[in-house]
Amino acid sequence: MDRWNGVLKIQLPPNSSTFYRVAASLGLSSPKNLAVPFGNAIFFTGDRVEGTGNPVIERLSDPQTIAEILVSKFGGSVNAFVVEASEFNGSFAVYKDFIPTVNEYGEPKSYDATGFPASTSLVLLLTRFLAEAKNIILGKQKEAYLYEASPSAFSCKPKTALLGFSKGGTVLNQLITEFAFSEIQSTQIPSQLNKKEDDSFIPTSKEGLFESISEIHYVDVGLNVEGAYLTDKDAIDRISARIAQRESGIFRFLFHGTPRQWRDERRIWIRKEKDTLVRLLKKTAHTNMGKLHLCERLYFPRKNPDLQMHFEIIDVMDVS
C-alpha cells in the first residue's frame, strides 16, 4: 500500500501562538485518496533530548521515524500519528491543553476528568490534521476530495491504540481518567469534512474516541516526581466497569519498560506506581467479563541502565 508521510504544525486553541508538531504515516488507496484504516496508532512523545551525538537516540527522537516504526509494528492497514507537546520549557515537554494541572516542567499535579480536556483536544487535533493532510494530498487543488470506499475498506470504525513514551505517559493517564468518568452522550466536533467519511478515518467525538480505544501502551514512562502511572483505584474500577459494558471486544493494557525506568533507585516510585496500577487492574478482572488483558515486558534486562535503551525500546518493543 502506498502511503503519505509528513509532519504538520497544528494550531489547537483559537488564536494560539503555539502549535502541535504532528507526524503521520497514512495509507493511500490511490494517489489522491486516503485508504480506510483498520486502526489508528497514536503516540505521545516526551521531553526533548538533543546533542547526544548518539545516532540511535537521534534517529528515535525523530517523530516521522517513529510513525514509520509504528506502521511496521501494527501493520500497513493502520494509520500512525506521533504527537509532540505544543510547549517546551527548555527540554521539558508541557502538554498544557491535554492536562491543565501541569506545572512549568510538564509535571501533573493530578488527573482530573473535568471538562475532558485531553479527549476533546485529541479529537480536534486529529480532525484538523486530517483536513490539512487531505489538502496536501490533493496538491491544494480546488477539486473536491473524493472518498474512495474500496472493496478492501473496513466496515467497522477504526480501533485506536494509544502509546505514551516517557513523559508522554501522562497523557495516557489523563485520557484513561476521562474515559473512566465519561458519560454516554454525543458531542460532535464541528468539521468541514463529511461526518460519515470522517468517522471512517478517525474518531470525531470524545465518546467515539473512548469506544474506539482497544490498546493502551505505556512505553518506558517516567517522571522526576510521582504521577508517571495512574494509581487512582476509583478510576480503575470505573474503567473496568466501562470495559465490561462495551460491545467491542478485548481491551489491552501493555507495559513496556527498561532498567532505566523500572530499576531506577533514585526514582523508586516509578516501579511502585507501575506495580500498583497492574495490581489494581488485575483485581478488577472479575468485573470486566475477561475483556481486560494485561501484559508486562522488560527489555534489555541484563544491561546497565542508560539513555540509549530508553529510546531503543521504541524500536524493539513487541506490541502483539
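Residue numbers start at 1 and run along the sequence shown.
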Chemist: Please report the shortest heavy-atom distance between A23 and V7, naming the atom on each side.
Modeler: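 Looks like CB-CG2, 3.8 Å.
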
Chemist: Hey, what do you get for CZ (F81) to CD1 (I42), rounding to the nearest 0.5 Å?
Modeler: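 So the gap between those two atoms works out to 6.5 Å.
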
Chemist: Give me the atom names and distance for the closest heavy-atom approach of G222 to A228.
Modeler: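 It is CA-CB, 3.8 Å.
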
Chemist: Return yes if some donor-acceptor pair links the side-chain N/O of Q261 with the main-chain N/O of D220 below 3.5 Å, else return no.
Modeler: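 Checked: pair present.
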
Chemist: Could you give me the CA-CA distance, side-chain angles and deciding distance for H310 and F165, then say whether ring-ring contact (aromatic ring centres under 6.0 Å, His included) is met?
Modeler: CA-CA 9 Å; H310 179 56; F165 169 67; 4.7 Å; yes

Chemist: Surrounding OH of Y105 (heavy atoms of other residues, nucleotides or ligands, distance under 6.0 Å), is the total greater than 12?
Modeler: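 Check fails, neighbour count at 12 or below.
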
Chemist: Can you name the closest pair of heavy atoms from P117 and Q174 and give their distance?
Modeler: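 For P117 and Q174, the tightest heavy-atom pair comes out as CG-NE2, 3.8 Å.
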
Chemist: Any heavy-atom pair between the side chains of L34 and N79 that's under 4.5 Å?
Modeler: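 They are not in side-chain contact.
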
Chemist: Between E178 (side chain only) and S119 (backbone N and O only), is there a donor and an acceptor less than 3.5 Å apart?
Modeler: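 A pair under 3.5 Å: yes.
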
Chemist: Under a 4.0 Å N-O cut-off, is there an ion pair linking K157 with E211?
Modeler: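 Salt bridge flag = no for E211 with K157.
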
Chemist: Less than 4.5 Å apart, any side-chain heavy atom of R59 and any of D315?
Modeler: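 They are in contact (side-chain heavy atoms under 4.5 Å apart), so the answer is yes.
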
Chemist: Answer yes or no: is there a side-chain heavy-atom contact under 4.5 Å between F92 and V102?
Modeler: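 In short, these two side chains do not touch, never coming nearer than 4.5 Å.
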
Chemist: Among Y299, W262, Y218, which residue meets the ring-ring contact (aromatic ring centres under 6.0 Å, His included) test with F255?
Modeler: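 Of the listed residues Y299, W262, Y218, the ring-ring contact (aromatic ring centres under 6.0 Å, His included) partner of F255 is Y218.
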
Chemist: Report yes or no: do N5 and S25 form a side-chain donor-acceptor pair below 3.5 Å?
Modeler: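 S25 and N5 do have a side-chain donor-acceptor pair below 3.5 Å.
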
Chemist: Step by step, work out the side-chain contact (heavy atoms from CB on, under 4.5 Å) result for L130 and F201.
Modeler: CA-CA 9 Å; L130 189 65; F201 294 110; 3.9 Å; yes

Chemist: How far does CZ of R297 sit from CE of M317, to the nearest 0.5 angstrom?
Modeler: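 Those atoms lie 10.5 Å apart.
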
Chemist: Take E273 and T276 through the test side-chain contact (heavy atoms from CB on, under 4.5 Å) and record every step on the way to the result.
Modeler: CA-CA 5 Å; E273 287 179 348; T276 297; 5.5 Å; no

Chemist: Measuring from L162:CG to I216:CD1, what's the distance to the nearest 0.5 Å?
Modeler: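 Answer rounded to 0.5 Å: 4.5 Å.
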
Chemist: Take atom CG of N304 as the centre, draw a 6.0 Å sphere, and report whether it contains more than 12 heavy atoms from other residues, nucleotides or ligands.
Modeler: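 Counting neighbours around CG of N304, 12 or fewer heavy atoms of other residues, nucleotides or ligands fall under 6.0 Å, so no.
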
Chemist: Following the transitive rule for hydrophobic clusters with a side-chain heavy-atom cut-off under 4.5 Å over Ile, Leu, Val, Met, Phe, Trp and Tyr, establish whether L280 and L254 coincide in one cluster.
Modeler: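 Per the 4.5 Å side-chain linkage, L280 and L254 are not co-clustered.
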
Chemist: Find out if a path of hydrophobic residues (ILVMFWY) with successive side-chain heavy-atom gaps under 4.5 Å connects F311 to V316.
Modeler: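 The answer is yes; both residues are in one hydrophobic cluster.
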
Chemist: What verdict does the salt bridge (charged side-chain N to carboxylate O under 4.0 Å, His left out) test give for D237 and K233, after you've listed the backbone C-alpha separation in whole Å, the side-chain angles of each residue and the deciding distance to 0.1 Å?
Modeler: CA-CA 6 Å; D237 288 343; K233 183 180 183 301; 2.8 Å; yes

Chemist: Is the backbone N or O of F210 less than 3.5 Å from a side-chain atom of R242, with the two atoms forming a donor-acceptor pair by type?
Modeler: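 No, because the side chain of R242 does not come within donor-acceptor range (under 3.5 Å) of the backbone of F210.
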
Chemist: Does any part of the side chain of R252, heavy atoms only, come nearer than 4.5 Å to the side chain of C295, both counted from C-beta?
Modeler: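 No, side chains not in contact.
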
Chemist: Should E58 and T52 be marked as a side-chain hydrogen bond (donor to acceptor under 3.5 Å, both in side chains) after you check the CA-CA gap, both sets of side-chain angles, and the distance that decides it?
Modeler: CA-CA 8 Å; E58 297 298 325; T52 65; 3.1 Å; yes

Chemist: I want to check something: taking the side chain as every heavy atom from C-beta on, are P108 and L223 in contact at a cut-off of under 4.5 Å?
Modeler: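 Contact flag for P108/L223 side chains = yes.
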
Chemist: Using the ring of each side chain (for Trp, its six-membered ring), is F44 parallel, tilted or perpendicular to Y95, with breaks at 30° and 60°?
Modeler: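 Rings of F44 and Y95: perpendicular, as their planes differ by over 60°.
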
Chemist: Please tell me whether L8 and L125 are part of a single hydrophobic cluster in this structure, the criterion being side-chain heavy atoms less than 4.5 Å apart.
Modeler: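 Yes; tracing contacts between hydrophobic side chains, which count when under 4.5 Å, links both residues.
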
Chemist: Return the minimal non-hydrogen interatomic distance between V49 and S61, and the atom names on each side.
Modeler: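 Reported closest heavy-atom pair: O-OG, 4.1 Å.
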
Chemist: Taking all atoms of both residues into account, what is the closest heavy-atom pair of R3 and V71, and its distance?
Modeler: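 Closest pair (atom of R3, atom of V71, distance): NH2-CG2, 3.6 Å.
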
Chemist: For I137 and L28, run side-chain contact (heavy atoms from CB on, under 4.5 Å): C-alpha distance rounded to whole Å, both residues' side-chain angles, the deciding distance at 0.1 Å, then the answer.
Modeler: CA-CA 10 Å; I137 291 169; L28 298 174; 4.0 Å; yes

Chemist: Output yes when a side-chain donor or acceptor of Q64 lies under 3.5 Å from a complementary backbone atom of G6, and no otherwise.
Modeler: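 Pair found, side chain donor or acceptor close to backbone of G6.
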
Chemist: Could you go through Y20 and F98, starting from their C-alpha distance and side-chain angles, then the distance that decides it, and tell me whether this counts as ring-ring contact (aromatic ring centres under 6.0 Å, His included)?
Modeler: CA-CA 11 Å; Y20 284 87; F98 285 76; 5.7 Å; yes

Chemist: Keeping N173 on the side-chain end and G227 on the backbone end, is there a donor-acceptor pair under 3.5 Å?
Modeler: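 Pair found, side chain donor or acceptor close to backbone of G227.
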
Chemist: Can S110 and D112 be said to form a side-chain hydrogen bond (donor to acceptor under 3.5 Å, both in side chains), step by step?
Modeler: CA-CA 6 Å; S110 63; D112 186 347; 5.7 Å; no

Chemist: State the CG-CD1 distance between L277 and I176, to the nearest 0.5 angstrom.
Modeler: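 Going from CG on L277 over to CD1 on I176, the span is 7.0 Å.
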
Chemist: Do the non-hydrogen side-chain atoms of L172 and V221 ever get within less than 4.5 Å of each other?
Modeler: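 No, too far: nothing below the 4.5 Å cut-off.
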
Chemist: Under the criterion salt bridge (charged side-chain N to carboxylate O under 4.0 Å, His left out), I'd like the reasoning laid out for D275 against R271: C-alpha separation, chi angles, the key distance, then a yes or no.
Modeler: CA-CA 6 Å; D275 290 343; R271 177 62 181 265; 3.2 Å; yes

Chemist: Assess R246 against F251: is NZ or CZ under 6.0 Å from the centre of the six-membered ring, and within 45 degrees of the ring's axis?
Modeler: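 No, a cation-pi geometry is absent between R246 and F251.
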
Chemist: Honestly curious: do V83 and I10 fall in one hydrophobic cluster under the side-chain, below-4.5 Å linking rule?
Modeler: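 The answer is yes; both residues are in one hydrophobic cluster.
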
Chemist: Measure the spacing between OG1 of T45 and CG of L60 and express it to the nearest 0.5 Å.
Modeler: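 Atom-to-atom, T45:OG1 and L60:CG are 12.5 Å apart.
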
Chemist: With a 4.5 Å cut-off on side-chain heavy atoms, are L163 and L70 touching?
Modeler: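 L70 vs L163: side chains touch.
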
Chemist: Is a side-chain N or O of S121 found less than 3.5 angstrom from the main chain of A118, in a donor-acceptor match?
Modeler: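 Side chain of S121 to backbone of A118: no pair is present.
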
Chemist: Check step by step if side-chain contact (heavy atoms from CB on, under 4.5 Å) holds for L175 and L122.
Modeler: CA-CA 9 Å; L175 285 168; L122 180 55; 4.3 Å; yes

Chemist: I'd like to know if the side chain of K167 reaches the main chain of A93, judged simply by a donor and an acceptor atom lying under 3.5 Å from each other, with no hydrogens or angles considered.
Modeler: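 Looks like yes, one N/O pair under 3.5 Å.
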
Chemist: Any chance you could measure D62, atom CG, to E68, atom CD, to the nearest 0.5 Å?
Modeler: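 The distance works out to 8.0 Å.
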
Chemist: Could you report the tightest heavy-atom contact between D318 and S320, atom names first, then the distance?
Modeler: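 Shortest heavy-atom contact: OD1-OG, 2.6 Å.
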
Chemist: If two hydrophobic side chains count as joined below 4.5 Å and joins carry through other members, does L12 share a cluster with I99?
Modeler: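 Yes, one cluster joins them.
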
Chemist: Considering only heavy atoms from C-beta outward, does the side chain of E104 approach that of V94 to under 4.5 Å?
Modeler: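 The answer is no, as the side chains (C-beta and beyond) never meet within the 4.5 Å cut-off.
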
Chemist: Has the side chain of T284 got a donor or acceptor atom that lies under 3.5 Å from a matching backbone atom of S240?
Modeler: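 Absent.
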
